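Okay, structure first, notes after.
Lettering follows sequence order; numbering is per chain, from 1. As the structure is a computational prediction, the values presented were derived from the model and not from experiment.
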Amino acid sequence: MVKITFIDPDGKKHEVEAEEGTTLMEAAIRNMVPGIDADCGGACACATCHVYVDPAWAERLPHLLQRSETEEDMLDFAFDVRENSRLSCQIKITADMDGLVVHVPQQQG
Amino acid sequence: MPKQGATEGPENAPATGAAKVIETDALIIGAGPAGLFAVFELGMHGLSAHVLDALPQIGGQCTELYPDKPIYDIPGFPRITGAALIARLKEQAGLFDPVYHLRTRALGHETLEDGRHAVTTDTGLRFIAPVVVIAAGGGVLEPKRPPIPGLAAYEGRSVFYAVRDREQFRGRNLVIAGGGDSALDWAIELAPLARRLVLLHRRETFRAAPESVRRMREMVKAGEMDFVLGQIRGLKGGAQAGLEEGALAAVIAAHGGETFEIPAERLLLFFGLAGKMGPLADWGLKMEGHRFVVDPATFQTSCAGLYAIGDACAYPGKLNLILSGFHEAALMAHHAVSRARPEEAHTFMHSTSMALLRDRLG
Ligand SMILES: Cc1cc2nc3c(=O)[nH]c(=O)nc-3n(C[C@H](O)[C@H](O)[C@H](O)COP(=O)(O)OP(=O)(O)OC[C@H]3O[C@@H](n4cnc5c(N)ncnc54)[C@H](O)[C@@H]3O)c2cc1C
Ligand code: FES
């Protein structure tokens with residue numbers, strides 16, 4: 001199990017345990033983390049699973065900021081897109097992500 | 001030829017005044033692929049259905065989000081577009097004469113003393129049925145609203161999510177935000193009408209038809225519209241700008257750490273659609289996120305006679321696939337018929353042995 005922390009816009013922390021090989025979005029939905037809607041169920045077709053990778057983690061695992069072309073396209077439908085924006089359904093959890101911190105945006109839409 | 005189901009036939013026109021009551025075997029909420037196939041499955045069991053959808057057309061996500069995209073995982077169809085699949089589902093369902101009520105949203109629910117369900121709509125209808133099937137997908141698809149403080153005051157007055165009356169934009173400073181087909185199509189179309197049109201998008205790349213992108217760039221070059229890189233941050237207007245409530249003065253945008261204002265009297269936002277379960281989520285049914293928890297043997301929700309199928313239901317291993325919605329519709333109908341017609345004996349029958357289908361389809 002890998003520990004992931006979602007921090008909402010008010011600074012409230014939601015710590016969850018996630019299984020390797022599942023996605024960050026699934027971890028959020030299973031644990032009912034508020035602010036992750038994931039309308040399309042992980043098909044990279046809705047952009048309602050938007051998160052910001054914590055800058056310290058982006059530095060530690062730079063590949064966490066790599067977005068595919070489809071993901072980049074879908075981010076056009078998200079708000080306040082930043083350099084560290086990701087669609088959480090497109091991040092597969094690996095062992096080296098233990099302790100990962102991501103921030104939930106103010107609103108998914 | 002199979003008869004096609006009537007679309008808002010005259011017999012369904014809401015009576016003026018009090019709610020019009022419609023009694024039916026089954027009420028299906030949502031005309032996506034799951035709801036349409038449910039009409040057929042219920043019909044095979046002798047149950048007739050009325051179908052509601054909030055949208056102006058049937059087909060759910062397939063027609064609203066990807067009518068021209070090919071789908072590759074429908075059994076028996078190596079490749080079929082969203083729109084073509086819906087046309088076929090409609091033909092198949094039409095065999096059982098469903099009545100469609102479009103632009104009609106399900107609102108309230110109550111269980112009657114006799115165990116049947118009453119469902120009210122925003123158009124003043126009241127359906128009474130022993131079987132209600134929630135095939136509402138992810139909910140009613142509505143335009144995404146950016147998280148801007150005070151946005152509501154501008155909506156419908158100077159901020160819009162669709163173009164109903166293009167005269168609204170004549171001679172105005174207009175900002176269009178977004179980078180998809182809707183944003184580009186409307187920018188191209190409204191630029192000649194607007195005083196000045198600014199297309200605001202977060203990057204140079206557009207996810208839109210190449211022809212539209214080419215045309216837009218041409219128009220920018222010719223000075224017929226402006227393209228600004230950036231994302232929307234806020235709105236300026238109303239009393240704070242010495243204007244009436246809801247009147248827009250400028251759009252506040254940011255790019256690369258810089259914040260700037262673009263003069264605007266009108267703003268069109270195109271950030272796609274998101275599903276809102278809305279009133280159905282308040283029916284008191286057991287839910288998991290935005291989905292209704294069902295028994296995967298019967299697709300009944302936590303309330304007897306209320307079923308959920310398609311993207312709207314949740315059970316262990318659930319996949320949001322059209323294929324799954326079909327399976328769920330079949331099992332639901334098999335269970336629902338014993339509830340709607342408890343006095344009759346129900347036997348499982350293959351479609352190949354059904355006289356009615358043979359008579360109508362040959
Ligand atoms: C871009 C994209 C590509 C996809 N590709 C595939 C694919 O290749 N293969 C596949 O199997 N699946 C695919 N899907 C998923 C598939 O479209 C969905 O699983 C399917 O549409 C779900 O069908 P449904 O009938 O359950 O719900 P929906 O299609 O979501 O339809 C639900 C309907 O209910 C209506 N509704 C909701 N609430 C109410 C209410 N209160 N009152 C009245 N009406 C209401 C809505 O307006 C909507 O029309 C894709 C989805 C997307 C977005
Ligand atoms: S869940 Fe829809 S894009 Fe991630």
Side-chain angles (χ1 to χ4, degrees), chain A residues 6 8-10 14 16 19 22-52 55 65 67-89 103-109, chain B residues 61 65-66 69 137-149 151 161 177-184 200-208 230-234 253-257 269-277 287-291 310-312 314 316 318-321 324:
Chain A
F6 292 86
D8 70 22
D10 308 326
H14 303 267
V16 311
E19 220 173 298
T22 62
T23 68
L24 208 56
M25 176 280 279
E26 288 169 307
I29 293 296
R30 268 183 210 150
N31 294 283
M32 300 202 284
V33 173
I36 304 290
D37 294 345
D39 283 351
C40 76
C44 198
C46 71
T48 62
C49 62
H50 182 197
V51 294
Y52 303 111
L65 296 190
R67 327 196 265 234
S68 71
E69 202 181 314
T70 326
E71 185 178 348
E72 194 67 62
D73 283 350
M74 273 325 293
L75 279 168
D76 283 351
F77 297 114
F79 300 111
D80 195 5
V81 178
R82 304 178 197 162
E83 233 168 285
N84 57 342
S85 285
R86 288 298 309 271
L87 294 177
S88 58
C89 67
H103 300 263
V104 178
Q106 211 183 342
Q107 191 177 308
Q108 297 285 359
Chain B
Q61 295 172 44
L65 299 180
Y66 60 103
K69 256 198 194 169
V140 180
L141 293 165
E142 284 174 0
K144 283 194 196 168
R145 305 169 66 241
I148 296 175
L151 175 65
Y161 301 91
D181 280 306
S182 312
L184 282 187
L200 178 68
H201 182 43
R202 72 177 182 97
R203 56 182 183 140
E204 284 286 352
T205 314
F206 288 81
R207 178 185 184 263
Q231 296 185 68
I232 189 152
R233 280 286 181 278
H255 187 68
L269 294 162
F270 294 109
F271 289 93
L273 304 168
K276 295 278 171 281
M277 204 43 92
M287 299 189 73
E288 197 179 292
H290 310 291
R291 322 276 135 155
D311 285 8
K318 165 67 186 167
L319 289 178
N320 281 357
L321 288 178
S324 315

Looking only at heavy atoms and a cut-off of under 4.5 Å, which of [options] has the most pairs with chain A?
{"options": "B:Pro146, B:Pro143, B:Gly179, B:Gly180", "value": "B:Pro146"}
{"options": "B:Gly272, B:Gly178, B:Pro147", "value": "B:Pro147"}
{"options": "B:Glu288, B:His290, B:Arg291, B:Arg145", "value": "B:Arg145"}

Chain B contact via A:Ala78 - which portion, at a heavy-atom distance below 4.5 Å: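 For A:Ala78, backbone heavy atoms alone lie under 4.5 Å from chain B.
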At a heavy-atom separation under 4.5 Å, does A:Gln108 approach chain B through its side chain, its backbone, both, or neither?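 Contact with chain B: backbone only.
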Could you tell me whether the side chain of B:Gln61 and the main chain of A:Cys40 form a donor-acceptor pair under 3.5 Å?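 It does not hold such a pair.
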Where the side chain of A:Asp39 meets the backbone of B:Gly275, is there a donor-acceptor pair that is under 3.5 Å apart?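 Checking the backbone N and O of B:Gly275 against the side chain of A:Asp39, a donor-acceptor pair under 3.5 Å is found.
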Is there a salt bridge (charged side-chain N to carboxylate O under 4.0 Å, His left out) between B:Arg207 and A:Glu69? Walk through the geometry before answering. CA-CA 10 Å; B:Arg207 178 185 184 263; A:Glu69 202 181 314; over 6 Å; no
Count the heavy atoms belonging to other residues, nucleotides or ligands that lie under 6.0 Å from CD of A:Glu19, then report whether that count exceeds 12.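 For A:Glu19, atom CD is not crowded (no more than 12 foreign heavy atoms under 6.0 Å).
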Side chain to side chain contact (heavy atoms under 4.5 Å, CB included), that's the test. Do B:Arg203 and A:Asp76 meet it? Break it down for me. CA-CA 9 Å; B:Arg203 56 182 183 140; A:Asp76 283 351; 3.0 Å; yes
Chain A contact via B:Lys318 - side chain, backbone, both or neither, heavy atoms under 4.5 Å: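 The answer is neither part of B:Lys318.
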What heavy-atom pair brings B:Lys144 and A:Cys46 nearest, and what distance separates the two atoms?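 Answer, listing the atom of B:Lys144 first, then A:Cys46: NZ-O, 2.6 Å.
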With a 4.5 Å limit on heavy-atom distance, are the side chains of B:Arg202 and A:Leu75 in contact?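 Yes - at least one pair of side-chain heavy atoms lies under 4.5 Å apart.
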